[in-house]
> 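This is the structure, below, for whatever I ask next.
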Amino acid sequence: MTTVKLNDNRDFPVPGVGTLFAKSDEGEQLVKDAIDIGYRHFDTAAVYQNEKEVGAGIKAKIAEGVVKREDIFLTSKLWNTKHKRELVVDACKKTLSDLGLEYLDLYLIHWPLAFKDSAELWPKDSNGKLLLANDDYVETWKGMEECVKLGLTKSIGISNFNTQQIKRVLDVATIKPAVNQIECHPYLNQSKLIAFCKERGIVVTAYSPLGSPNSIAMADTPAPLKDPKLQEIAKEHEKTAAQIILRYLIQHGTVPIPKSSNKERLKENIDIFNFKLSPQEMASIDALDRNVRVCTFAEDHKLYPFNIEF
């Protein structure tokens with residue numbers, strides 16, 4: 001398995017498997033299939049509501065003797081309702097209890113913005129408006145560091161943070177974020193944010209690396225997978241457009257985490273190490289950038305991360 005080094009000297013397997021929308025049994029089967037195919041890096045989150053299934057898939061393969069726990073790199077994320085510093089450790093413990101595992105490899109603050117502390121994942125008022133809170137992610141970060149000290153997770157990081165927000169975390173951190181997980185694909189290539197993170201020793205995980213088949217396909221914006229340029233390059237290499245995109249993201253130094261529960265796709269998504277894109281091909285894919293974002297909500301929150309360029 002190919003890996004990149006995190007700033008705490010741990011090996012981060014490339015690529016990973018995203019599990020968003022992998023509900024109930026699908027999540028468990030997806031993890032089992034992916035381990036059999038050779039994946040060792042899985043990404044879940046409290047808000048995906050599938051941690052039990054992801055954990056069950058990992059534990060089944062450990063029980064079969066296919067892998068040991070230390071062979072697997074598992075990421076989960078702290079949800080927006082648990083940003084108060086004193087809630088972070090318990091949220092992490094709840095995640096571990098749902099997974100049925102002893103520790104996480106990486107725990108991320110899912111978003112810089114907070115919701116009202118609530119048992120509901122999406123707390124709303126009587127008019128259906130999201131109940132936002134002003135908890136400062138810098139305080140949340142101190143809770144994340146506590147999780148490392150207690151042995152609940154080996155590494156910690158952030159997700160969906162912009163450069164100003166990353167700087168504020170770095171200013172207070174006694175444990176540096178190892179990763180910033182961000183949306184990243186040919187239509188949102190994030191080159192400036194990736195360069196910023198690289199300079200500070202933070203690895204970028206690319207979520208929605210293939211765009212999102214359901215939400216990115218706007219009338220005048222084809223999904224990246226259907227992009228004629230990507231199709232052309234794919235033909236040249238006798239690969240699929242998805243393989244070209246994943247290879248592109250890896251050559252840019254990111255760790256993509258495509259989600260698929262289709263066995264053939266899982267095989268395809270990992271079969272990307274037997275070819276290389278030329279500098280010209282990389283540049284032509286760079287040129288496809290159109291700042292199209294799939295994932296966004298709570299745009300009126302004062303800590304909404306996408307109001308600045310990067």
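Numbers here simply count residues along the sequence, with the first being 1.
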> Determine the minimum heavy-atom distance between T81 and E120, stating which atoms define it.
CG2-O, 3.5 Å
> Among H83, K116, K84, find the residue that satisfies the side chain to side chain donor-acceptor pair (under 3.5 Å) test when tested with D135.
K84
> Would you say the side-chain atoms of Q231 and D227 include a donor-acceptor pair closer than 3.5 Å?
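No, no side-chain donor-acceptor contact under 3.5 Å.
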> Would Q29 and S261 count as having a side-chain donor-acceptor pair, cut-off 3.5 Å?
no
> NZ of K77 to CD1 of I158: how many Å apart, nearest 0.5 Å?
13.5 Å
> Between Y187 and R290, is there a cation-pi geometry (under 6.0 Å to ring centre, at most 45° from the normal)?
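Yes, R290 sits over the ring of Y187.
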> Is K276 atom NZ crowded by more than 12 heavy atoms from other residues, nucleotides or ligands, each under 6.0 Å away?
no
> Answer yes when K259 and E26 have at least one side-chain N-carboxylate O distance shorter than 4.0 Å, and no when they do not.
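A salt bridge is present here (some side-chain N lies under 4.0 Å from a carboxylate O).
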> Is the Lys NZ or Arg CZ of R69 less than 6.0 Å from the centre of Y103's six-membered ring, within 45° of the axis?
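The answer is yes; both the distance and angle limits are met.
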> How about E299: does its CD atom have over 12 heavy atoms from other parts shown lying under 6.0 Å from it?
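More than 12 within 6.0 Å, yes.
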> Between D8 and S155, is there a side-chain donor-acceptor contact under 3.5 Å, judged purely by atom types and distance?
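Per modelled atom types, S155 and D8 side chains form a pair under 3.5 Å.
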> Kindly check if the number of other-residue, nucleotide or ligand heavy atoms within 6.0 Å of CD (E70) is above 12?
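Count over threshold, so yes.
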> Establish, yes or no, whether a centroid distance under 6.0 Å links the rings of F161 and Y137.
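Ring centres of Y137 and F161 closer than 6.0 Å.
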> Would E281 and H237 count as a side-chain hydrogen bond (donor to acceptor under 3.5 Å, both in side chains) if you check the C-alpha gap in whole Å, the side-chain angles of each, and the deciding distance to 0.1 Å?
CA-CA 11 Å; E281 288 169 330; H237 288 276; 2.9 Å; yes
> Regarding N160 and Y207, do their side chains bring together a donor and an acceptor under 3.5 Å, going by distance alone?
yes
> Starting from the C-alpha separation in whole Å, work towards a yes-or-no answer on side-chain contact (heavy atoms from CB on, under 4.5 Å) for L101 and K59.
CA-CA 8 Å; L101 296 168; K59 285 190 299 183; 3.8 Å; yes
> On the ring face of F196, is R200 found with NZ or CZ under 6.0 Å from the centre and within 45° of the axis?
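Yes, R200 and F196 form such a contact.
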> Does atom NZ (K129) have a neighbourhood of more than 12 heavy atoms from anything else shown, all under 6.0 Å?
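Open: at most 12 neighbouring heavy atoms sit under 6.0 Å from NZ of K129.
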> Checking side chain to side chain donor-acceptor pair (under 3.5 Å) between T44 and each of T75, T95, N50, D98, which is the one that passes?
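Of the listed options, the one satisfying the test is N50.
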> Centroid-to-centroid, W122 to F297, below 6.0 Å?
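Centroid separation for W122 and F297: below 6.0 Å.
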> Any Lys/Arg nitrogen of E28 or K32 sitting under 4.0 Å from an Asp/Glu carboxylate oxygen of the other?
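Yes, this pair counts.
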> Do Q164 and R168 get their side chains close enough for a donor-acceptor pair, meaning under 3.5 Å?
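Not at all, the side chains of Q164 and R168 share no donor-acceptor pair under 3.5 Å.
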> Salt bridge or not between K61 and E64? Use side-chain N to carboxylate O under 4.0 Å.
yes
> Taking all non-hydrogen atoms of both residues, which atom of V17 and which atom of A34 are closest, and how far apart?
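Distance-wise, the nearest heavy atoms are CG2-CB, 4.0 Å.
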> Pairing donors with acceptors under 3.5 angstrom, does anything connect the side chains of T174 and E145?
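Indeed, the side chains of T174 and E145 share at least one donor-acceptor pair under 3.5 Å.
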> Parallel, tilted or perpendicular: which describes the rings of H41 and F73, with under 30° parallel and over 60° perpendicular?
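Because their plane-to-plane angle is over 60°, the rings of H41 and F73 count as perpendicular.
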